[in-house]
Amino acid sequence: MPYRLFLSTKPLWGIVGICVLSGCSLFQHGFLGFDPMKDRKEYVRARDLYDQQKYQEAIGELSTYIYKAGNVKRREARAYRLLGMSYEQLEQLDRALEVYLEALEFHPKNVPLLLAAANLYQRTGLTNRSQELYDRALQQEPNNLTALAGQAENYRSFGFYSKARSYYDKIFALSTSPSPLYRARYVSTFLNQRNYEQAFIHITQTLAQENDNPDYWLLSAKAAFGLKKYAQALADIRMARKLAPEREDLQLYQIIGLYQNGRYTDSLNETKELLSKYPNQPLGLLLLALNERALGRKISACTHLQQAARQDPESFVGQVATRLLSEWK
């Protein structure tokens, strides 16, 4: 459904990957604990190729470096990690996962490798395997924010919202400035449980950190709708649309908000604008019919309701339109 907020986990590993490749202080002695002064020339070339976004060439260098003459000692965690990241950049996720799993046979407690594999399992819907690897990472580093966030997302996807929040609570306790993405996901758990008051409190904190993300404004609007603060909800939707005017889902939310607020003429006009761009949009046709019915235009409303029902009779919108048709006649 295009009307559901989706907060991908993909950017998390981008941050971790940059940290790994830039040798940040977390790793103490260069890449994954190795002294960069002792890098072999093959690895250095591969790293440079990766930095130049020449991922296929980096794969060639790394494959030679790792598997040359069957030298197991060269199967370093950092080389495997870079090889997997190269495959990820090329969207060859199966190959990336194969690399990480092979690497874990040699380095079963290496946290960056565990997180990389757990993230890929999560992205491909193998949540049980993802949970297992995130748990292994947390056994090594109980306060690892990426592992905590990944596990929280797994529980959120299963519908265990209170359990998911327990991981986010730990993140908030550990970090003085947690990512607003974490707090936005935290908010979504309250929305899914229809706890609109808590959702509104926490999305307000999220927007205080980052107010240029349309999805965060959409979350705020959903919380406000749940609290029957329709004027606030519409203001939030307008802000979201200002930030992402091309998004069809945000325009639909605005139409729904106007309709719920009894502003049928405004909602009708907004619906007509949407349908001028997407003439057969099922939800748009349904909303057009609802607004026309509210304004007393019953014949036109039934015509558009029939159109909405025909688009996809088995869909939720199609079933609602069919049911309304039987009630309106």
Side-chain angles (χ1 to χ4, degrees), residues 1-8 156-157 159 161-162 164-165 168 180-275 278 281-295 301 305 308 315-321 323-324:
M1 290 291 291
Y3 324 115
R4 183 175 60 195
L5 176 68
F6 175 74
L7 297 169
S8 169
R156 190 173 77 104
S157 69
Y161 302 122
S162 296
R165 284 198 295 272
Y168 286 123
L181 176 63
Y182 297 159
R183 198 170 290 280
R185 290 176 178 162
Y186 191 73
V187 168
S188 73
T189 68
F190 287 114
L191 286 176
N192 287 326
Q193 293 181 313
R194 299 185 179 181
N195 187 338
Y196 301 115
E197 184 175 355
Q198 284 298 313
F200 194 77
I201 290 170
H202 288 285
I203 196 58
T204 301
Q205 294 177 13
T206 306
L207 288 168
Q209 286 182 267
E210 183 178 330
N211 63 4
D212 59 354
N213 187 316
D215 285 326
Y216 298 169
W217 287 103
L218 177 57
L219 282 174
S220 183
K222 288 180 177 181
F225 275 131
L227 293 170
K228 296 182 170 36
K229 297 180 178 181
Y230 298 127
Q232 176 70 55
L234 285 171
D236 291 342
I237 285 292
R238 282 195 294 272
M239 180 60 72
R241 288 199 65 197
K242 182 179 179 180
L243 292 167
E246 74 289 347
R247 279 181 51 175
E248 175 188 350
D249 64 322
L250 295 177
Q251 189 168 14
L252 283 164
Y253 276 115
Q254 183 170 4
I255 292 166
I256 293 168
L258 290 166
Y259 176 82
Q260 288 184 322
N261 207 25
R263 294 171 56 180
Y264 304 120
T265 300
D266 291 336
S267 184
L268 180 68
N269 291 336
E270 196 69 44
T271 309
K272 287 180 176 178
E273 181 185 328
L274 173 78
L275 290 170
Y278 310 103
Q281 217 288 346
L283 183 54
L285 289 167
L286 174 61
L287 290 167
L288 180 63
L290 289 171
N291 280 305
E292 288 175 330
R293 175 82 174 184
L295 292 169
L305 203 57
S315 68
F316 175 75
V317 171
Q319 292 179 43
V320 170
R323 189 183 76 242
L324 289 176

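For this chain, numbers begin at 1 and follow the sequence in order.
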Which value, rounded to the nearest 0.5 Å, describes the distance between Arg241 atom CZ and Arg238 atom CZ?
10.5 Å
Counting N and O atoms only, with roles assigned by atom type, does the side chain of Thr206 sit under 3.5 Å from a partner on the main chain of His202, one being a donor and the other an acceptor?
yes
Please test Tyr186 against Phe190 for ring-ring contact (aromatic ring centres under 6.0 Å, His included), starting from the C-alpha separation and ending with a verdict.
CA-CA 7 Å; Tyr186 191 73; Phe190 287 114; 5.3 Å; yes
Minimal heavy-atom distance between Thr189 and Ala164, with the atoms involved, is CG2-CB, 4.4 Å
Measuring only between side-chain heavy atoms, which start at C-beta, is Trp217 closer than 4.5 Å to Asn211?
yes
How far apart are the closest heavy atoms of Tyr230 and Asn261, and which atoms are they?
CB-OD1, 3.3 Å
Rounded to the nearest 0.5 Å, how far does CD of Glu210 lie from CG of Asp212?
5.0 Å
Would you kindly check if the NZ (Lys) or CZ (Arg) of Lys229 is within the cone defined by 45 degrees around the ring axis of Phe200 and under 6.0 Å from the six-membered ring centre?
yes
Not counting sequence neighbours, which residues clear side chain to side chain contact (heavy atoms under 4.5 Å, CB included) with Gln193? List them please.
Tyr161, Ser162, Arg165
Check whether any side-chain heavy atom of Gln254 sits under 4.5 Å from a side-chain heavy atom of Leu252, and report yes or no.
no
So, Asp236 and Gln232: side-chain donor and acceptor under 3.5 Å apart, yes or no?
yes
Does any part of the side chain of Thr271, heavy atoms only, come nearer than 4.5 Å to the side chain of Ser267, both counted from C-beta?
yes
Provide the closest heavy-atom pair for Leu258 versus Leu234 in the form atom of the first, atom of the second, distance.
N-CD2, 3.6 Å
Student check: side-chain heavy atoms of Gln205 and Ile201 closer than 4.5 Å
yes
Set of salt bridge (charged side-chain N to carboxylate O under 4.0 Å, His left out) partners for Glu292, sequence neighbours left out
none
For Tyr264 and Asn291 the tightest heavy-atom approach is O-OD1, 3.5 Å
Count the heavy atoms belonging to other residues, nucleotides or ligands that lie under 6.0 Å from CD of Gln260, then report whether that count exceeds 12.
yes
Are Arg247 and Asp215 packed together at the side-chain level, in the sense that at least one heavy-atom pair is separated by less than 4.5 angstrom?
yes
What I'd like to find out is whether the side chain of Ser220 reaches to under 4.5 Å of the side chain of Leu207, using heavy atoms alone.
yes
Value for NZ (Lys242) from CD1 (Ile237), rounded to nearest 0.5 Å, stands at 15.0 Å
Minimum heavy-atom distance Leu243-Pro214, with the two atoms named:
CD1-N, 4.0 Å
Do Leu286 and Leu324 come close enough that some side-chain heavy atom pair is under 4.5 Å?
yes
Enter the distance from Leu283:CG to Leu290:CG here, rounded to the nearest 0.5 Å.
9.0 Å
Nearest heavy atoms of Leu191 and Tyr196, plus distance in Å:
CD2-CD2, 3.8 Å
Given side-chain contact (heavy atoms from CB on, under 4.5 Å), test Asn195 with Glu197 step by step and report yes or no.
CA-CA 6 Å; Asn195 187 338; Glu197 184 175 355; 4.2 Å; yes
